[in-house]
Novice: 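The structure's right below; bear with me while I get my questions together.
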Amino acid sequence: MAFTEGKGRLLIEIKGAVQGVGFRPFVYRLATSLGLSGWVVNDTRGVLIEVEGEKASLEEFLRRLPAEKPPRAIINTLKFTWLEPIGYTSFEIRHSLEEGEKTVLVLPDIATCPDCLAEVFNPADRRYRYPFTNCTNCGPRFSIILSLPYDRPNTSMRIFTMCPDCEEEYHNPSDRRFHAQPNACPVCGPHLELWNPKGEVLATGDEALRSAAAALREGKILAVKGLGGFHLMVDARNSDAIRRLRERKPRRDKPFALMVRDLEQARLLCELTPEAELFLASPEAPIVLLPRKPGAPVAEEVAPGNPYLGIMLPYTPLHHLLLREIDFPVVATSGNLTDEPICTDEREALKRLGHIAELFLVHNRPIVRHVDDSVAWIVRGKPRLLRRARGFAPLPVLLSRPIPSILAVGAHLKNTIALSVGNQVFISQHIGDLETQEAFQAFERVIADFLRLYEATPVAIAHDLHPDYLSTLWARNHSEVPLIPVQHHHAHLASCLAENQVDGEALGVTWDGTGYGVDGTIWGGEFLLGDASGFKRVAHLRPFRLPGGEAAVKEPRRTAFALLWELYGQEATAMDDLPPIASIPASERKILAKMLERGLNSPVTTSVGRLFDAVSALAGICQKVSFEGQAAMALEFAFDPSCTDSYPVVFEERDGVLVLDWRPIVEGVVEDWRRGRDRGIISARFHNALVESIIQVALRVGNEKVALTGGCFQNRILTEKTAMRLEQEGFQVLLHSQVPPNDGGISLGQVVVAACRLK
Ligand code: ZN
Ligand code: ZN
Ligand code: FE
């Protein structure tokens, strides 16, 4: 191509997270510094650029664009075309274009950047102590976006008119706040108020903040409107206050997350590795579960019996200001009632949290959608999500190839929904257990929100195979497009393969509490060989009965009873020396035995999650639970690492399928208990037996790739030991990192399975 006098023009199209991150001013600065002319514009797909000038400068521009992009920008694709110059005389930032397919990434909310933080604590700055300070590198995004493209009139900041100073920053391409959509200052932006539970204003502005801090010091329960919803906060050292919060929420034992002032305070509470420090202080600022230090200065009631603490750093100026006013960590738990979604509106908060919180620190920037704190931990040296929300949602998981647009409605517990557009799967923020009216409404809201935001018209809806899940029923009511049922554990496997961009088959060790099996029984201890297009159930746990179904989930002692009853028959009812039997009243034992005898209301299951429950009960650790996974967690925490032997691992082959026999394991547990062996030994022998069983199946199946997925792989010991042993045997281990191994990752799996089914 011959260009006049070594000059040329480039048309560049960039897709990815390139809006709301200071991308256009960066392009402007780069282009003008290289003496190039042209323009840059946001459209619904991303950013379009035309630059012209010296060819050498254009090549440099092309090289430096991805290399020097703003820190929060993510470039998924960059396409460019060389054209003849047409004589642009200057470089300009043009107004956003609204037409076209909406594939630009909506950014997650971003924790306060160091520059903004410095301003907030600089007495000479005009934003000194201003809780809503932000810039193009930080601040609210997903929680304030009403529609695309991301411009101020399309956010909940549209009700605030910028003052001349903010206006000046917003229009100055060399300013950090150039086109920072939520730009605000004390003169023109949102402000704080402190309310009593009647909604009466007690204080405003900085006085509201200082009074709120004083209330925390006095042991009051404070509801704080934050970024994606309300927190309930209380002094983490104050046992009485935490107990009051637990009673009112109600939340008996489930650990509370903590917010600490900074890394220094975090170090007093937990053992921090360099990775943990980086992750805590990252722009995503998740709650990170970290090993608690002995004598950590927090009340036992924060996380009873738990060797970990979930801690996060302040992620908005409001949180920074509040935490610096006090010198102790606070409990910062979602502002909701148990099983309900987090509160986002101050009026609603008065109604729903009025009987919990004693004071309300609120502001007048509307929260467009709820976004909980994300929860993560570091396993095998890598951050991994247990709950995916703030900081991560709604960034997509990228597939290796494009698929049709599919809506997946997730499972029942820890629900998320997912929507595919091209090779991107947008996974919603954590919605929660669809157990309450409020949670189901939130589920419907999020679906509507995603369809509107991405203007997608799904060609199919994927749902769980379970006929009675509310998510399944919702799908049935929207059958204007084909419905594709997806087996629960198949979705777990497909989810793990998809996020690891693995195409071939893998052995999926899909272990969890509950999932509807293709034979109508409750699965949960499955070894599935396959990929998104299908699977073969190559092995599973020996089935047993759950007397009372859901009741057995709440009472691990019932599952223990069922296993003993199967092993020892009627004798089991008199085994008073065993903790689960002793804890069940004699009259109830008779009823349970009858139920098991007749198979009444006692569904059959292969759930490893329930086996964990039963062993936890048999080891005298936990007979009843107040939250999902409690018994299994307590058993994990008891693990004695010095014990390396295991209960017998016995498989039986039935029609070419391996059946892992739990009976020798349970017999071993009973024997150990009777010999007075420590629970740590019982826990270790049990964990080791499970690891060994996985190795044996993997060796028998012989597939190189092994995926560990399902809620049981929130167990760190099980995950780490299994992964290590598999690798020693030469297997390639696939773990989750972008989506949780629990049911929060199901919607992603449903999407990819459904896409295969459509072909
Ligand atoms: Zn900033
Ligand atoms: Zn202003
Ligand atoms: Fe599951």
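Both counts, for ligands and for their atoms, begin at 1 and track the order of listing.
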Novice: For residues His489 and Phe527, establish whether the separation of their ring centroids is below 6.0 Å.
Specialist: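 No: the rings miss the under 6.0 Å criterion.
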Novice: Pull up every protein N/O/S atom sitting under 2.8 Å from the Fe ion (ligand 3), skipping waters.
Specialist: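 N, O, S partners closer than 2.8 Å: His488 NE2, His492 NE2, Asp512 OD2, Asp743 OD1.
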Novice: Determine, using ring centers only, whether His179 and Tyr170 are less than 6.0 Å apart.
Specialist: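 Yes, the ring centres sit under 6.0 Å apart.
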Novice: Go through the structure and list residues passing side chain to side chain contact (heavy atoms under 4.5 Å, CB included) with Arg380, not counting sequence neighbours.
Specialist: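 Result, side chain to side chain contact (heavy atoms under 4.5 Å, CB included) vs Arg380: Arg384, Glu720, Ala723, Met724, Glu727, Leu735.
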Novice: Around Phe279, counting heavy atoms of other residues, nucleotides and ligands shown, do more than 12 lie under 6.0 Å from its CZ?
Specialist: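 Yes.
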Novice: Does atom CD (Glu167) have a neighbourhood of more than 12 heavy atoms from anything else shown, all under 6.0 Å?
Specialist: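 Above 12, so yes.
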Novice: When you measure from the centre of the six-membered ring of Phe132, is the NZ or CZ of Arg365 closer than 6.0 Å and no more than 45° off the axis?
Specialist: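 Arg365 over Phe132 ring: no.
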Novice: Have a look around the Zn ion (ligand 1) and list protein N/O/S atoms under 2.8 Å, or say none.
Specialist: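 The answer is Cys113 SG, Cys116 SG, Cys135 SG, Cys138 SG.
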Novice: Return the set of protein N, O or S atoms whose distance to the Zn ion (ligand 2) is under 2.8 Å, each given as residue and atom.
Specialist: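 For the Zn ion (ligand 2), the protein N, O and S atoms that sit under 2.8 Å away are Cys163 SG, Cys166 SG, Cys185 SG, Cys188 SG.
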Novice: Would Tyr315 and Asp109 count as having a side-chain donor-acceptor pair, cut-off 3.5 Å?
Specialist: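 Result is no, nothing qualifies.
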Novice: Tell me which one of Leu386, Asn742, Ile746 satisfies side-chain contact (heavy atoms from CB on, under 4.5 Å) with Lys414.
Specialist: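 Only match with Lys414 under side-chain contact (heavy atoms from CB on, under 4.5 Å): Asn742.
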Novice: Given the rule in the side chain to side chain donor-acceptor pair (under 3.5 Å) test, do Asp468 and His412 qualify, once you have shown the distances and angles that lead to the verdict?
Specialist: CA-CA 10 Å; Asp468 305 326; His412 183 68; over 6 Å; no
Novice: Are Asp613 and Thr559 close enough, and set up right, to give a side chain to side chain donor-acceptor pair (under 3.5 Å), and what steps lead you there?
Specialist: CA-CA 7 Å; Asp613 286 357; Thr559 308; 5.3 Å; no
Novice: Is the NZ or CZ atom of Arg537 both under 6.0 Å from the centre of the six-membered ring of Trp523 and within 45° of that ring's axis?
Specialist: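 Checked: cation-pi criterion met.
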Novice: Would Ser495 and His492 count as having a side-chain donor-acceptor pair, cut-off 3.5 Å?
Specialist: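 The answer is no; no qualifying pair exists.
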Novice: A quick test of your reading: do over 12 heavy atoms of other residues, nucleotides or ligands sit less than 6.0 Å from NZ of Lys254?
Specialist: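 Result for NZ/Lys254: open.
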